[in-house]
Each structure stands twice: as structure tokens, then as C-alpha cells.
A.B. asks: 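A single structure is presented below for examination.
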Amino acid sequence: MQKVRAAVLGASGWMGKVHTMAYQTFPHFLGSENGTAEVKILVEANPDAAADLAQRAPEARIVQDWKEAIADPEIDLIDICLPDSLHYEVAKAALLAGKHVYCEKPLADTAAEARELADIAKEKGVITRVGHAFPRNPVHDLAKEIIDAGEIGEIKLFKACQHIDMYGDPLTPYMWRANGELAPTGIIGDTGSHVFSFMEFLVGPVAKLVADNFIVTPKRPVVDGLAYGETAELTGDEDWADITNPDGTNLMVQFANGARGLVDFSRVATGRKFMQTYEIYGTKGSLAYTYDEVNRLRFYSNDDKIGRRGYREIDVGPENETFRAFLPLPNFALGYNESKIIEAAEVVKSIVTNTPAWPTFENGHHICQIVDACMTSSDTQSWVDIA
Ligand SMILES: NC(=O)c1ccc[n+]([C@@H]2O[C@H](COP(=O)([O-])OP(=O)(O)OC[C@H]3O[C@@H](n4cnc5c(N)ncnc54)[C@H](O)[C@@H]3O)[C@@H](O)[C@H]2O)c1
């Protein structure tokens, strides 16, 4: 199969828009020798979105019920961009129907659900992928290359954070992300799972952790009809909804390889529009990354001459094949959407060549185990082992 026939579920949301664009765009940059994709169905519960969706993918059929896409024999790939609480049910139905599945993060609400999905996928022999696209920025391939070559020695400490200002203002209206039924693990599955994907990609499996989850703003006004990122003038007549999942977490981690980790993330970091950083300290050197300089890695090496040691700034550039596919010069910046384009191309390649690529549902399960452990640890105020 050279052309993968895809259905995008939750098509009118942020991720639905990005995934649809990514299938349409990747051959332009990354070529078509490993396959192309055709978006054949857009599934969206909101009927008002139909006209807009028709413009985005004029060839696609627009339907409201995701079961229709799963039942269609002409669909190879079910792409789940739905709210978190739907991932398990929809992914399970798609896998049982023998479809390849690309699911946005977090893979499921619990590790037990994620385990079941990974097992069904294995039994069915289909390709799976979780949408942890941040590590697909080529700068992180450079970080991994330096780590794998032993250039920073044994990793001893991983420090990371991811903070956003989505809920910094206590009057920002309520949305599904703060509803413990629609998103049971709150910021932990939402944002923490991205940090966990970096941990797994760069350092290795987490063995145990202790977490302190917190809610900063217990109630928020309800304003209907707002999309993600939109805000509204309050009238004073609004209902108020309870916030029933964590706003933030502070976390200490031990990795299986003996490294320690110190991680925090939140959605209430007033003023931090988007902050994502990591620092990795080893016995011979260290690495530092901040999303503010999205393609730049800082690398310190004890191999440098005494008196000349210091962090060097490396802008990943066209010497990296993936970067070169987009831009001929460094520091022109590959951003978030390009990471998603790279991810979509990898999903299609995996299907066409029958070669799974990180992060599969198996990896997604391990990340869900970390999320679960954060919830348990904070409830019990104790260290939790991860099998
Ligand atoms: N990988 C990333 O960087 C990243 C970034 C943002 C969101 N996400 C994940 O992507 C998923 C979607 O998030 P979003 O920000 O796009 O949300 P969103 O609210 O913008 O979009 C969700 C869409 O799904 C639709 N929908 C809801 N229930 C439906 C149903 N039963 N059938 C059909 N359509 C339905 C909604 O109408 C909406 O258009 C979430 O799991 C989220 O965690 C991942």
C-alpha cells in the first residue's frame, strides 16, 4: 500500500486541523517515496464546523459519528484527535476492526486501558502511534545522538519543566481539559505526558517517582461556545464549575539507569505563555534546551580544555536530513507544526513499510504508567514503583 486512507476524528479542533494539514503537507517537504496519505473522512461532532471542514479537505466526506469511519472498509488509518476521555473507547473499536491507529496523547486515561490497547494492537499486527510530537523536533535527535555517543557520560540528573498560562487567570472560563471526567489526570496527562515522552526518549525508563499534584483555582466560570485559547468578557450571570483534575505537579523521579529527575509542570503559570525546558547532567558533560530557542541545544563538555570550558550553542541545521527537508539555513526555526508534519510522515511510513516507530502504543502505555503513578503517589503521599 502506497497511499494510506485516513479518517481524522475531532477534525474541527486544534489537533484535527493540524493532523489534516500534516497529511496534506508532508510530501511537499519530506517526499512521497515512503507513501502518501489521503484524508477521506473528517469526523466532527459539531455540525456548525461542516462548511469550514469542507474547505480544509474538499475531497473528504464529513460525518458526525466516529463509528462510521471505523466501519468503512476503505479507511486504513483512524487518527484520534478527540478529547482524552474518548481515546480508549475509540482506539479499542478501531483496533478491533483491524485499523492502524494514530492517537493523540495521552493514549488513555489509565495505564490499564493503555495496556489493553497495546495488547490488542499486538494481536492484530497493526501500526500504532501516539502523538508525542515534541521530541520529533530534529534538535532532540542531536541531543540523543550526543547522549548515545557517551559524550556527556553517565546521566545523573534530568531536570525539566513545562508551564503554560492557560489557566493563570482565575477568571479564564472552564473547558473540558479541567473536567475530571473528560480528562481524569488533568495537566498530568495533558502536559506532563509530553515531559514524560522526553524522559523516555532521552534518558530511559522511569523506575519510581513521588508526586505532589495541586489545584490552584477550584472553580471557574462556564462560558459556552469557546474554542481552545479563546476568552470572554464575563457578564456576572455565569454558572461556576468545579475544577476536578490537577492544575500542576511537582515530581521527583528515579530512572531505571540510576539517574535522578526533578520535574514540574502546570497550566497556571501566569505570564508563561509556553515554557518547555530540560537540563541533562552527566559525568562528562551536560545538555540544556529551552523551547524559546526551539532548534538550539546547549552542550557542555569536560573534554574541552580547562580555561575554555563553557556551554556551546548548537543550532541544528541542514546537516540534519529532516531539518534540511524544510529549510536550507539554521536558525530559521522549525516549530510545532513542522514536528507534526514529521510525525504524520512517520506514521504513513510505518504503515507503508510495516515498521513501527517510537512512540507506539507500547511506549504510550509506559508513559500512561508514569501518569498513573503521579496520581497514586500524590493521593498516598508516597513513592510509587513503576513495573
Ligand atoms: N500532541 C500535542 O501537542 C497536543 C496538543 C493539543 C492537544 N492534544 C491532544 O489532542 C486531543 C484533542 O485536543 P484539541 O486541543 O484538539 O481539542 P479541541 O477541543 O480543540 O478539539 C476536539 C474536537 O473533537 C470534537 N469532538 C468531541 N467529541 C466528539 C465526538 N464524540 N465525535 C466527534 N467529534 C468530537 C470537538 O467538537 C472538537 O472539535 C486531546 O487528547 C489533547 O490532549 C495534543
Side-chain angles (χ1 to χ4, degrees), residues 7-22 41-53 56 60-70 78-91 93-94 101-109 113-114 117 129-137 140 162 164 166 173-179 181-198 201 224-230 245 265 267 274 276 291 294 335-344 346-347 359 363-364 367-368 371:
V8 179
L9 282 50
S12 158
W14 176 19
M15 281 304 106
K17 186 194 271 193
V18 170
H19 285 217
T20 305
M21 173 281 298
I41 301 186
L42 294 175
V43 182
E44 174 52 57
N46 174 9
D48 297 339
D52 188 32
L53 290 176
R56 284 193 212 148
R61 194 151 58 89
I62 297 162
V63 304
Q64 282 177 258
D65 185 352
W66 53 264
K67 292 193 180 88
E68 235 183 280
I70 290 177
I78 295 292
D79 178 344
I80 304 172
C81 299
L82 297 166
D84 303 3
S85 64
L86 291 168
H87 292 185
Y88 165 72
E89 181 191 359
V90 179
V101 185
Y102 168 23
C103 182
E104 262 308 335
K105 43 57 53 176
L107 173 55
D109 285 340
E113 289 176 353
L117 294 177
R129 178 82 179 219
V130 187
H132 289 293
F134 283 109
R136 300 319 300 129
N137 172 347
H140 306 300
Q162 188 164 314
I164 48 175
M166 175 179 106
Y174 184 76
M175 65 174 91
W176 66 260
R177 284 181 162 76
N179 179 330
E181 287 190 4
L182 297 180
T185 60
I187 197 66
I188 302 169
D190 193 7
T191 274
S193 68
H194 286 309
V195 183
F196 303 154
S197 73
F198 277 118
F201 184 66
D224 285 336
L226 289 185
Y228 187 47
E230 289 178 356
N245 60 25
F265 39 84
R267 60 189 177 198
F274 181 75
Q276 181 188 72
Y291 197 89
V294 66
Y336 181 83
N337 285 343
E338 282 91 351
S339 301
K340 281 293 188 192
I341 293 170
I342 294 165
E343 183 175 75
E346 289 180 355
V347 171
N363 307 118
I367 290 170
C368 286
V371 174

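All ligand and atom numbering here is 1-based and tracks the order in the structure. Everything numeric in this text was worked out from a predicted model, so none of it was measured.
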A.B. asks: Does Glu44 use its side chain to pair, donor to acceptor, with the backbone of Gln64 at less than 3.5 Å?
C.D. replies: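 Not a single qualifying donor-acceptor pair exists.
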A.B. asks: Please evaluate residues His87 and Lys105 with respect to the criterion side chain to side chain contact (heavy atoms under 4.5 Å, CB included), reporting the C-alpha separation (whole Å), side-chain torsions for both, the decisive distance (0.1 Å), and the verdict.
C.D. replies: CA-CA 9 Å; His87 292 185; Lys105 43 57 53 176; over 6 Å; no
A.B. asks: State, to 0.1 Å, how close His19 and Cys81 come at their nearest heavy-atom pair, and which atoms those are.
C.D. replies: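 Result for this residue pair: ND1-SG, 3.4 Å.
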A.B. asks: Using a 4.5 Å cut-off on heavy atoms from C-beta on, say whether the side chain of Leu53 contacts that of Ser12.
C.D. replies: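 Yes; the side chains approach each other to less than 4.5 Å.
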A.B. asks: For ligand 1, which atoms sit closer than 4.0 Å to a heavy atom of Lys340?
C.D. replies: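 Matching atoms, with element in brackets: 1 (N).
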A.B. asks: Distance to 0.1 Å, residue and atom name: give those for the protein heavy atom nearest to atom 20 (O) of ligand 1.
C.D. replies: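 The protein heavy atom lying closest is Trp14 N, 3.0 Å.
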A.B. asks: In this structure, does ligand 1 have an atom that sits under 4.0 Å from one of the heavy atoms of His132?
C.D. replies: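 Distance cut 4.0 Å: His132 fails for ligand 1.
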A.B. asks: For atom 19 (O) of ligand 1, grab the closest protein heavy atom and report residue, atom and distance to one decimal in Å.
C.D. replies: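 Protein heavy atom at minimum distance: Trp176 NE1, 3.0 Å.
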A.B. asks: Using the six-membered ring wherever Trp is involved, compare the ring planes of Phe198 and His140 and label them parallel, tilted or perpendicular (cut-offs 30° and 60°).
C.D. replies: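 Rings of Phe198 and His140: perpendicular, over 60°.
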A.B. asks: Between CG of Asp79 and OG1 of Thr20, what distance do you get to the nearest 0.5 Å?
C.D. replies: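 Going from the CG atom of Asp79 to the OG1 atom of Thr20 covers 7.5 Å.
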A.B. asks: Is Gly131 near ligand 1, meaning one of its heavy atoms is under 4.0 Å from it?
C.D. replies: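 Yes, Gly131 has heavy atoms under 4.0 Å from ligand 1.
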A.B. asks: Starting from atom 31 (N) of ligand 1, locate the nearest protein heavy atom and write down its residue, its atom name and how far away it is, to 0.1 Å.
C.D. replies: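 Here the nearest protein heavy atom works out to Leu86 CD1, 3.6 Å.
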A.B. asks: If you measure from each heavy atom of Leu9 to ligand 1, is any distance below 4.0 Å?
C.D. replies: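 No.
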A.B. asks: At what distance, to the nearest 0.5 angstrom, does CZ of Arg136 lie from CD of Glu343?
C.D. replies: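 CD of Glu343 is found 8.5 Å from CZ of Arg136.
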A.B. asks: Between Phe265 and Phe196, how do the two ring planes meet: parallel, tilted or perpendicular, split at 30° and 60°?
C.D. replies: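 Rings of Phe265 and Phe196: perpendicular, over 60°.
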A.B. asks: Check each atom of ligand 1 against the heavy atoms of Ala45 and keep those under 4.0 Å away; list them by number with element.
C.D. replies: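 Going through ligand 1 atom by atom, the ones under 4.0 Å from Ala45 are 29 (C), 30 (C), 32 (N), 33 (C), 34 (N), 35 (C).
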A.B. asks: What protein heavy atom is closest to atom 39 (O) of ligand 1, reported as residue, atom name and distance in Å?
C.D. replies: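 The closest one turns out to be Glu44 OE1, 2.7 Å.
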A.B. asks: Under 4.0 Å from any heavy atom of His194, which atoms of ligand 1 are there?
C.D. replies: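 Atoms satisfying the 4.0 Å criterion: 1 (N), 2 (C), 3 (O).
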A.B. asks: What are the atoms of ligand 1, with element, lying closer than 4.0 Å to any heavy atom of Ser12?
C.D. replies: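 By the 4.0 Å cutoff, the relevant atoms are 39 (O).
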A.B. asks: Less than 4.0 Å is my threshold; does some heavy atom of Met175 fall inside it relative to ligand 1?
C.D. replies: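 Contact absent.
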A.B. asks: How close does the nearest protein non-hydrogen atom get to atom 16 (O) of ligand 1, and which residue and atom is it?
C.D. replies: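 For this ligand atom, the closest protein heavy atom is Met15 N, 2.8 Å.
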A.B. asks: When you compare the side chain of Ile341 with that of Met21, does any pair of heavy atoms fall below 4.5 Å?
C.D. replies: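 Counting from C-beta outward, Met21 and Ile341 do come under 4.5 Å.
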A.B. asks: Identify which of Leu182, Asp84, Leu107 has a heavy atom lying nearest to atom 42 (C) of ligand 1.
C.D. replies: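 Shortest heavy-atom distance from atom 42 (C) of ligand 1: Asp84.
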A.B. asks: So for ligand 1, is Leu82 a polar contact partner (N or O within less than 3.5 Å, distance only)?
C.D. replies: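 Indeed, backbone or side chain, Leu82 has an N or O that close.
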A.B. asks: Can you check side chain to side chain contact (heavy atoms under 4.5 Å, CB included) on Cys103 and Val130, steps first, answer last?
C.D. replies: CA-CA 5 Å; Cys103 182; Val130 187; 5.6 Å; no
A.B. asks: Does a side chain donor of either Tyr174 or Asn179 reach within less than 3.5 Å of an acceptor in the other side chain?
C.D. replies: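 On atom types as modelled, these side chains qualify, holding a pair under 3.5 Å.
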A.B. asks: Taking 4.0 angstrom as the limit and counting only heavy atoms of Tyr336, give me the atoms of ligand 1 inside it, by number and element.
C.D. replies: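 Near Tyr336, meaning under 4.0 Å from one of its heavy atoms, ligand 1 has 1 (N), 2 (C), 3 (O), 4 (C), 5 (C).
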A.B. asks: In the protein, which heavy atom is nearest to atom 22 (C) of ligand 1, and how far is it?
C.D. replies: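 It is Cys81 O, 3.8 Å.
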A.B. asks: Identify the closest protein heavy atom to atom 44 (C) of ligand 1: which residue and atom is it, and at what distance?
C.D. replies: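 Of every protein heavy atom, Glu104 OE1, 3.0 Å lies nearest to atom 44 (C) of ligand 1.
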A.B. asks: Quick check on Arg177 - does any of its heavy atoms sit under 4.0 Å from an atom of ligand 1?
C.D. replies: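 Heavy atoms of Arg177 do come under 4.0 Å of ligand 1.
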A.B. asks: Quick one: nearest non-hydrogen protein atom to atom 9 (C) of ligand 1, plus distance?
C.D. replies: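 Heavy-atom neighbour on the protein nearest atom 9 (C) of ligand 1: Lys105 O, 3.5 Å.
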A.B. asks: Evaluate Asp190 against Arg177 for salt bridge (charged side-chain N to carboxylate O under 4.0 Å, His left out), listing each step before the verdict.
C.D. replies: CA-CA 8 Å; Asp190 193 7; Arg177 284 181 162 76; 3.4 Å; yes
